[in-house]
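Data block below; observations after.
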Amino acid sequence: MTRHSIDDLEPQLAANRRFWTGWAGDDPDADPSIYRSDIPHVLFNGVMHVRNHPFDEAVTEAKQRLAGSSWAWWVGGDSDEKVADHLVAHGAEQISQMPVMAADLTDVVELPIPQGLTIRHVTDRPGMRDLVNAYAGPLGFPRDAADAMAERHMEYLSRDPELIHLAGVLDGKTVGTAVVSLSGDVAALYCIATDENYRRRGVATALTLESLRVARSAGLDVATLQASAEGRPVYERIGFRTISHYRLFQFDPAEEH
């Protein structure tokens, strides 16, 4: 198996493309890489990259295929240079910037698990509903969409059994979540969230560390994630380092045609 370094950016970006396009069953390496899941969240529909495709054509195709959905255009190290400038020239606005962080799985800090917390692998529908309910608020999903999202997780799991769902249970309740994709050359972590009533107890840290243990057991040596401003210090304390950044852009839906 090829040994990867946390400075190897392309496997990390490839893992991210694979995860997000996987919700729609689209080709992560298409050019342009456009995916549509129709999940009502800006990250679940969009454009992952453009490399060697005429940009005007890519914009037209993206607007046609994604019309009516909530979507974003990712700009990272796997896109052609000047893509961000082209997007702005076409009327898009940057809505966020996320650090791409990576950790060497042979050099991760071990921290104690919070007292009473248990972590279990979720593979059943009731467990998925609990998992979605736990991350819905922190990640910006309407709670009335929990059943539908749980079903989408089950569908994704049926296509990709290497998508590991972890639930942190405290006081008999799912209070934290993490999802680990093991199907690429590096592990990719998503949906790391804690119920607002259980924050600052080390739940997210424990779930992140368990995700890294799962990845290490699968024979991988690097893990990657995109961090929020709130989560970044948590990941740095564990051993993650910022390798690059994604910039997310969005068009005004009223101007799309």
Side-chain angles (χ1 to χ4, degrees), residues 2 4-39 41-103 160 179 181 183-191 222-229 231-232 235 240-253 255-257:
T2 302
H4 292 286
S5 162
I6 64 170
D7 295 311
D8 295 334
L9 181 60
E10 175 50 34
Q12 299 175 43
L13 303 184
N16 193 48
R17 293 195 304 271
R18 184 179 296 106
F19 174 79
W20 290 112
T21 59
W23 286 96
D26 289 320
D27 181 1
D29 296 316
D31 189 12
S33 178
I34 301 173
Y35 64 107
R36 178 168 184 160
S37 71
D38 283 320
I39 294 171
H41 190 285
V42 68
L43 296 181
F44 285 80
N45 314 277
V47 182
M48 292 303 305
H49 73 170
V50 177
R51 280 181 167 165
N52 301 301
H53 195 88
F55 189 76
D56 288 352
E57 293 181 12
V59 170
T60 299
E61 182 180 354
K63 287 185 174 182
Q64 289 174 344
R65 289 179 55 182
L66 297 169
S69 68
S70 178
W71 66 281
W73 195 306
W74 301 67
V75 178
D78 51 354
S79 287
D80 284 341
E81 295 183 9
K82 304 296 185 181
V83 165
D85 293 339
H86 287 311
L87 285 167
V88 172
H90 279 74
E93 293 186 358
Q94 182 173 325
I95 58 172
S96 67
Q97 177 170 297
M98 297 184 294
V100 178
M101 305 186 77
D160 183 2
V179 176
S181 174
S183 57
D185 292 330
V186 301
L189 279 57
Y190 300 94
C191 300
V222 169
T224 185
L225 54 78
Q226 295 87 56
S228 65
R232 185 172 181 171
Y235 306 130
F240 279 86
R241 297 292 177 265
T242 299
I243 308 303
S244 184
H245 288 84
Y246 273 118
R247 299 168 66 189
L248 267 64
F249 290 80
Q250 196 169 46
F251 289 94
D252 183 347
E255 297 179 1
E256 293 185 22
H257 58 273

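A 4.5 Å side-chain heavy-atom check between Val100 and Leu9 finds at least one atom pair inside the cut-off. In this structure the side chain of Asp27 never reaches within 4.5 angstrom of the side chain of Thr21, judged on heavy atoms. For the pair Trp74/Met98, a side-chain contact is recorded, criterion being any heavy-atom separation below 4.5 Å from C-beta on. With contacts defined as side-chain heavy-atom distances shorter than 4.5 Å, the pair Met48/Asn16 qualifies. Residues Val50 and Asp31 are in side-chain contact: their nearest non-hydrogen atoms beyond the backbone lie under 4.5 Å apart.
Going from atom CG of Leu189 over to atom CZ of Phe240 covers 5.5 Å, rounded to the nearest 0.5 Å. Atoms CG and CH2, on Leu43 and Trp23 in that order, are 11.5 Å from each other to the nearest 0.5 Å. From Gln97, atom CD reaches atom CD of Gln226 across 12.5 Å, with rounding to the nearest 0.5 Å. Distance CG/Leu87 to CD/Gln250: 11.5 Å, rounded to 0.5 Å.
Residues Ser5 and Gln12 approach most closely at O-NE2, 4.4 Å, considering heavy atoms. Here the closest heavy-atom approach between residue Ser69 and residue Asp38 is recorded as CB-OD1, 4.3 Å. Counting all heavy atoms, side chain and backbone alike, Ser228 lies closest to Gly231 at OG-N, 3.0 Å. Contact between Ser181 and Asp160 at its shortest, heavy atoms only, is OG-OD2, 4.5 Å. Residues Val222 and Ile6 share a closest heavy-atom pair of CG2-N, 4.0 Å. Nearest heavy atom pair, residue Ala15 against residue Tyr190, reads O-OH, 3.8 Å.
By the 30° and 60° cut-offs, the orientation of the rings of Trp73 relative to Trp71 is tilted.
Thr224 places a side-chain N or O within 3.5 Å of a backbone atom of Met101 that can act as its donor or acceptor partner. Side chain of Glu10 to main chain of Gly77: no donor-acceptor pair is present (N/O by atom type, distance under 3.5 Å, no hydrogens or angles). Without hydrogens or angle criteria, Asn45 side chain to Ile39 main chain gives a donor-acceptor distance under 3.5 Å. No donor-acceptor pair closer than 3.5 Å links the side chain of Arg36 to the backbone N or O of Asp26. Between the side chain of Ser96 and the backbone N or O of Leu248, no donor-acceptor pair lies under 3.5 Å. Between the side chain of Ser37 and the main chain of Phe44, a donor-acceptor pair closer than 3.5 Å is present.
Evaluation of the side chain to side chain donor-acceptor pair (under 3.5 Å) rule for Tyr235 yields no partner, not counting sequence neighbours. Among residues two or more places apart in sequence or in another chain, the side chain to side chain donor-acceptor pair (under 3.5 Å) test is passed with Thr242 by Arg232. Looking at residues two or more places apart in sequence or on another chain, you find a side-chain contact (heavy atoms from CB on, under 4.5 Å) between Glu61 and Pro32, Ile34, His53, Arg65.
Under 4.0 Å is where a charged nitrogen must lie from a carboxylate oxygen, and between Arg17 and Asp29 at least one such pair does.
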Carefully, step by step, assess Val88 and Phe249 under the rule side-chain contact (heavy atoms from CB on, under 4.5 Å). CA-CA 8 Å; Val88 172; Phe249 290 80; 3.9 Å; yes

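Remark: aromatic rings of Tyr246 and Trp20 are distant, center separation not under 6.0 Å.
The closest side-chain donor-acceptor pair between His90 and Asp56 falls under 3.5 angstrom.
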